[in-house]
Structure formats: C-alpha cells, structure tokens
Amino acid sequence: MFESLIATLKADKRKIVFTEGPDPRILEAAARLKKDGLLDSILVGNVDEVKAAAAAGGFDIDGMEIIDPLTYDGMDEMVAAMVELRKGKMSEEDCRKALSKGNYFGTMLVKLGKADALLGGATYSTADTVRPALQIIKTKPGNKIVSSCFILRRDGKDGGDELYAMGDCAINIQPNEDELVEIAVETAKTAKAFGIDPKVALLSYSTKGSGKGETVDMMKNATEKTKAAAPELAVDGELQFDAAFSPVVAATKCKGSPVAGQANTFIFPDINAGNIGYKIAQRLGGFEAYGPILQGLNAPINDLSRGCDANEVYQMAIITAGLK
C-alpha cells in the first residue's frame, strides 16, 4: 500500500513538521524516517526537552531541526503574517499567544513554506489540529469544507492488499447534500492515491427507494449531484451496505448498477454511521485503519489519535507528506 508513496518521497525529499517534538512516539518515528531516508523532520518544542527525550529513548535525531516557539528568531515576522491572514479576527496579541503553541506554530511553518506538511495530534485533540489549519492554511479553491477519509487494509486472498476507502468518519457531524458531494469527490481522490480504482457508494438504510425518510432523500440527491460534479466517477446511491458490497445482493436489489456489488469507496450519511462503520471493519473484519486523512486543505496536514504508537506516526507521516 505504501510503495507509491515511498517512491514519491524518495524521488522528491520533503520536510514534515511534528507539533509535539518531545513526545517519544514522535521521536521514534522521526528517527526511523531519517534512517529510511524518507523525510526531513522539524520537531517543535523546547530544545533541551526534545534532546533529553531522544537521548532517553535512544533515538537518533542528529541533524534534525528543533524549533522552540518561545525562542524563535522569526517570531515577529510570523506574528505579522498571521495578523494579516486573520485580519479583523485575531489581534497581534491573540496571534502571538496562539503561535506560542506547537499546533499554531507548526501550521504557520507550513504556510510560510518552511515545511511541506504537518502531523499533529499525539497530545492535541482533533479540533486543536484542524482549527489552525482552517484558519491559516484554509481550504483548496472550490472546496468549502475539510473532510476526512480512512483507508482500510487487510491481506487479500491473492496475496495482495484488500483496500477500501471510507468517508467521512471523523470531521463532519451531519453533512448536508452539497457537503456529501464534496466528501464523495475528495474521498475518491484519496482512494486513487492508494491505488484504488474508486467505485463510490453513497450509503443508506435504503436501496433505491426501498426505505423512506429525510436521510434517504438526502443520499439519493447527493448521489445525483456527485454524478453531475464528477461525471468521470463510478457513483451510485442510495445503497444499503450489503447491496453496495455483495454481488449476490446487488443482483437482486439493483441489477445493472455500475457500483453495486463492487463498491470500494463508501460514503456515510453522518459521522455516527461512519465512525461506527470503520471501527466495525477494523475490529470484527481484521482491517488496519489508516487515518483520519484530512481532505480539502491547501496543504497536507493530518491528525493523529492520542492513543497512537510510533509505528502509526511513521505510517501517517508517509501518508501525509506522500499525498502532497
């Protein structure tokens, strides 16, 4: 699954900023990325604390840039740049206070071109990683929201990877029709980056009108809007999961669909369904879950689970910088 991302990083060396430099999980992953020649790392935090934590863990961070926001020489220029970006919304004092924290400081390093990507969340909440990104990096032209996707992987019967994409499982609580369209299109793009030929199913408790209700209508309408917005995509909905996934069920419920029975990219109606769905696949289906992968931002920024281990940090760093 990581072959194409690793090839990209080896061909085009990139720099990633970690907002929680003293964390042993971050340091272990950064040392491994250095050893494997994949990424240059910037570690945000007190220099002495970062070096002491690395020494305690036996992690080789020689040559890595360590930046403490509280002693950063370019802070005045950074504050001025953020005041301009947040014109009328944050004062100079507000910006200086925010930039004393690793999440805002790291995001500004990306904005100013001093790093290519950012990975945070080992100790910060998802909101504390996403908020600075929305305020400073902002969404790509044509995008109105930030959404998320999980890539689910397990060993396939043929010896390869069995891969699926699922969105949005982490960010948008109750997306409307137009937001679902954006989620579907962005999740399909993420799926392609992992070698998945996206066949997109917008999921519901109904298949082609078998059930009634507001969310059924929403998924049906979002499907039609997605087809109009991205006519090159194979998209269908509203579909129950079994109709989307099982060829046998699809043959009964929606024969002739370009997606039913072979879907690999699943769009959920809300965060409840999405979060529950990917975790069922992870725990009962034996899938590894990679994400949440943030979508729709002007630069690659991703969020870690606070329960992550060093291997997850390593993998998410490759995903984050490799998808740039």
Side-chain angles (χ1 to χ4, degrees), residues 1-12 14 29 32-33 35-39 119 148-170 183-203 230 232-236 239-251 257-268 274-295 300 302 304-305 308-324:
M1 185 180 89
F2 287 92
E3 284 179 5
S4 62
L5 296 175
I6 287 171
T8 297
L9 293 176
K10 287 193 170 181
D12 177 17
R14 293 168 183 174
R32 187 176 165 194
L33 291 164
K35 180 182 176 183
D36 293 346
L38 296 180
L39 283 170
L119 186 58
S148 75
C149 165
F150 277 84
I151 299 295
L152 280 293
R153 191 213 75 87
R154 70 180 175 188
D155 294 335
K157 293 176 183 177
D158 61 356
D161 289 332
E162 185 179 352
L163 294 172
Y164 301 98
M166 295 185 174
D168 179 346
C169 306
I183 291 166
V185 172
E186 290 297 321
T187 302
K189 289 178 184 176
T190 303
K192 283 182 181 177
F194 285 92
I196 300 169
D197 180 16
K199 293 179 175 57
V200 184
L202 279 80
L203 299 176
E232 74 284 359
L233 284 180
V235 181
D236 205 0
L239 296 173
Q240 291 165 289
F241 184 83
D242 57 354
F245 187 77
S246 167
V248 175
V249 176
S257 167
V259 168
Q262 51 185 330
N264 53 28
T265 303
F266 302 100
I267 308 303
F268 294 91
N275 195 270
I276 292 166
Y278 99 79
K279 287 184 176 177
I280 287 174
Q282 183 183 28
R283 300 300 177 181
L284 296 185
F287 281 88
E288 296 168 348
Y290 299 92
I293 299 166
L294 300 184
Q295 305 173 146
N302 272 318
L304 292 161
S305 162
C308 65
D309 60 25
N311 191 53
E312 290 173 87
V313 178
Y314 175 85
Q315 291 169 335
M316 281 302 295
I318 292 171
I319 288 170
T320 303
L323 290 178
K324 180 176 180 290

If I take atom [atom1] from residue [X] and atom [atom2] from residue [Y], how far apart are they, to the nearest 0.5 angstrom?
X: Ser148; Y: Ile183; atom1: OG; atom2: CD1; value: 8.0 Å
X: Gln315; Y: Leu304; atom1: CD; atom2: CG; value: 11.0 Å
X: Met166; Y: Ile267; atom1: CE; atom2: CD1; value: 10.0 Å
X: Thr320; Y: Leu119; atom1: OG1; atom2: CG; value: 5.0 Å
X: Leu163; Y: Phe287; atom1: CG; atom2: CZ; value: 8.5 Å

Do [X] and [Y] come within less than 4.5 Å of each other through their side chains, counting heavy atoms only?
X: Leu202; Y: Leu239; answer: no
X: Ile319; Y: Phe194; answer: yes
X: Asn311; Y: Arg32; answer: yes

Sequence neighbours excluded - salt bridge (Lys or Arg N to Asp or Glu O under 4.0 Å) pairs with any residue from residues 187-201: Glu186-Lys189, Asp197-Lys199
Does [X] have any side-chain hydrogen bond (donor to acceptor under 3.5 Å, both in side chains) partners at least two apart in sequence or in another chain, and if so, which?
X: Glu288; result: Arg153, Tyr290
X: Asp242; result: none
X: Gln240; result: Thr207, Lys253
X: Ser257; result: Asp236

Taking all atoms of both residues into account, what is the closest heavy-atom pair of [X] and [Y], and its distance?
X: Ala244; Y: Phe266; answer: CB-CE2, 4.1 Å
X: Val185; Y: Ala230; answer: CG2-CB, 4.1 Å
X: Cys169; Y: Gly274; answer: SG-O, 3.3 Å
X: Ala165; Y: Cys149; answer: CB-SG, 4.0 Å
X: Leu39; Y: Ala317; answer: CD1-O, 3.7 Å
X: Ala201; Y: Ala263; answer: CB-CB, 3.7 Å

Can you name the side-chain contact (heavy atoms from CB on, under 4.5 Å) partners of [X], sequence neighbours left out?
X: Ala188; value: Pro198, Val200, Leu233
X: Ala289; value: Phe150, Leu152, Tyr278, Gln282
X: Ile6; value: Phe2, Lys10, Leu38, Ile318
X: Thr8; value: Arg14

Run the side-chain hydrogen bond (donor to acceptor under 3.5 Å, both in side chains) test on Thr190 and Gln295 for me, step by step, so that the C-alpha distance in whole Å, both residues' side-chain angles and the decisive distance to 0.1 Å come before the verdict. CA-CA 8 Å; Thr190 303; Gln295 305 173 146; 2.7 Å; yes
Listed partners of Tyr314 passing ring-ring contact (aromatic ring centres under 6.0 Å, His included), at least two apart: none
Contacts of Phe268 meeting ring-ring contact (aromatic ring centres under 6.0 Å, His included) (sequence neighbours excluded), chain-then-number -> none
Less than 3.5 Å apart, any donor N or O on the side chain of Ser305 or Glu312 sitting next to an acceptor on the other? no
